[in-house]
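Read the structure below first, then the notes.
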Amino acid sequence: LIIHAQRLQADYLIVDQNLTPAQARAIAQATELKVLDRSQLILDIFAERARTSEGKIQVELAQLKYLLPRLASRGDSGLSRLMGGIGGRGPGEQKLEIDRRRVRDRIGVLEKRLLTERRRREQRRARRRDRDVPVVSLVGYTNAGKSTLLNRLTRSEVFVEHRMFATLDPTSRRLRLPREREIVINDTVGFIRDLPKDLLAAFRATLEEIEDSDLVIHLVDGSHPRHEAQIKAVDTILKELDYGGIARLLVFNKTDLLDDAGRHDLLVGRDAVAISATRGTGLKELLSRVDKMLPLRARNY
C-alpha cells in the first residue's frame, strides 16, 4: 500500500470504514499520509455543505465529538496526519493542540445553542399543530432529488445541486393539494448507509421535523443501480430514530432516466409511485396518493 501510494503521489489515505484512534495513528505513522476514515470524510463533506448557522453548529459539534477521543499527547508524530480533512475543512491540525477540557467546554456551548434552535423549531411545530395543518416530510438517500421535488411541488427555490448532502438544513414549505387541502411539506438532510453515530446524534434535532409528520414520503433514485440497498439504509435509520411507525409512501424518482421495462420493474410487487421531479411527470398521482393517505382528523376543508 505504501509503495502504491508513493507511485500515485497520494496525499491522503481514505478508509471506507470507521477506524479506532489507535488504528488511525498506526496507519498514519506507517504510511506518513493523512488518514481519513469514513466518518471523517462524511464530516468533511458536511462541513463544506453547511450554509446556515444551525447547520454549522451541528457539523462542528459532530467534528469535536469525533476529535475528542483522538486527542493525544503533543509529541505524537502521527497525530498531525489524522485531521485536517480534504481542503482543510475538518477541525484542522492546529485544533489538535486544544486540550480535552477546552474541547468539552466548546461541545457544551454548542449543545446549548443547538438546544435553543431546537426549542424555536418546536414552537413553530406547535403552532402548526394548533392550526391542525397536516405535515408531510421528504426523506431519502442523499441525492435522491428531495429538494428538486420540493421546488417543483411548491414553486420555490430551495438550493439544489447534483451532489451528496446539498441539503443540510430543514426546509418547510406550504403546499395546496388538488382538493384545496393545505399541508406543510418538509425537506430533510439526505441519509447515507453507516451514518456516523455522532453525526446522527448532532442532526437529531434537524430530523425531529419528521417526528410530527402525518406522512413520510420516502424518495428513491430509481435510476441508481444500488437503489435497493439505499432503501434498506433509509429504513434502518428511520427505525433507529423510532420513526418506523409513521405512515410511509414509497416514491421512485428520476424514472425519466429509465426505459418502460425499467419503470415497470421498479413498481412490480410494490405499493409505490413513479415520478420524475425534473420533468414533472407522475406528480398528479403522487399528490392524489398523499391526499388519500393523510388522516381524516387533519382534513381542513
Side-chain angles (χ1 to χ4, degrees), residues 1-51 55-107 110 141-143 161-168 189-203 224-226 229-230 233 236-237 240:
L1 182 63
I2 293 170
I3 292 170
H4 188 54
Q6 288 176 340
R7 285 175 179 167
L8 294 173
Q9 296 183 326
D11 298 308
Y12 298 93
L13 180 63
I14 301 175
V15 183
D16 188 24
Q17 57 181 293
N18 294 325
L19 301 174
T20 66
Q23 288 173 327
R25 258 195 306 275
I27 295 171
Q29 288 173 338
T31 62
E32 296 188 355
L33 291 171
K34 289 196 175 192
V35 177
L36 283 78
D37 66 4
R38 180 179 176 81
S39 287
Q40 192 188 344
L41 179 61
I42 293 172
L43 287 169
D44 281 353
I45 295 171
F46 268 63
E48 190 175 85
R49 304 289 194 265
R51 293 177 176 274
K56 291 174 183 177
I57 291 170
Q58 290 168 327
V59 171
E60 186 182 353
L61 183 59
Q63 286 177 324
L64 291 175
K65 286 184 175 179
Y66 175 88
L67 170 63
L68 190 58
R70 288 160 175 78
L71 288 173
S73 61
R74 297 186 176 208
D76 188 344
S77 60
L79 193 59
S80 64
R81 289 186 289 276
L82 295 183
M83 306 301 288
I86 292 178
R89 291 286 185 174
E93 293 174 11
Q94 291 181 346
K95 286 190 177 180
L96 292 171
E97 301 301 322
I98 301 174
D99 60 28
R100 285 185 174 87
R101 182 182 57 78
R102 290 183 61 193
V103 171
R104 288 194 186 99
D105 288 346
R106 180 63 179 164
I107 288 173
L110 292 173
Y141 210 81
T142 183
N143 205 32
E161 194 164 351
H162 183 65
R163 60 180 186 175
M164 294 175 67
F165 307 120
T167 301
L168 287 187
V189 62
F191 293 2
I192 190 169
R193 67 178 176 84
D194 301 327
L195 192 67
K197 290 191 182 300
D198 284 338
L199 196 56
L200 186 60
F203 277 82
H224 197 286
R226 299 190 71 249
Q230 294 180 352
T236 298
I237 292 175
E240 287 177 357

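In what follows, residues are counted from 1 in the order of the sequence shown.
Minimum interatomic distance between Ser39 and Asn18 (heavy atoms only, all atoms of both residues): OG-OD1, 2.6 Å. Minimum interatomic distance between Ile237 and Ile192 (heavy atoms only, all atoms of both residues): CD1-O, 3.5 Å. Contact record, Val35 with Ala24: CG2-O, 4.1 Å, taken as the closest heavy-atom pair. Between Pro69 and Pro21, the shortest heavy-atom distance links the atoms O-CG, 3.7 Å.
For Arg101, the salt bridge (charged side-chain N to carboxylate O under 4.0 Å, His left out) partners are Asp105, not counting sequence neighbours. With sequence neighbours excluded, no residue forms a salt bridge (charged side-chain N to carboxylate O under 4.0 Å, His left out) with Arg104.
Taken from CG in Leu61 to NZ in Lys65, the straight-line distance is 4.5 Å, to the nearest 0.5 Å. Distance check: Thr31 OG1 to Gln6 CD gives 10.0 Å after rounding to the nearest 0.5 Å.
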Quiz item: Does the side-chain contact (heavy atoms from CB on, under 4.5 Å) test come out yes or no for Tyr12 and Leu33, once each step is laid out?
Solution: CA-CA 6 Å; Tyr12 298 93; Leu33 291 171; over 6 Å; no
Quiz item: Hey, mind stepping through Arg193 and Tyr141 against side-chain contact (heavy atoms from CB on, under 4.5 Å) and telling me if it holds?
Solution: CA-CA 8 Å; Arg193 67 178 176 84; Tyr141 210 81; 3.6 Å; yes
Practice problem: Test Leu1 against Ile27 for side-chain contact (heavy atoms from CB on, under 4.5 Å), laying out the working first. | Solution: CA-CA 11 Å; Leu1 182 63; Ile27 295 171; 5.7 Å; no
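For Leu8, the CG atom sits in a packed shell: over 12 heavy atoms of surrounding residues, nucleotides or ligands are nearer than 6.0 Å.
Side-chain contact check for Asp37 and Tyr66: at least one donor-acceptor pair (N or O, by modelled atom type) lies under 3.5 Å.
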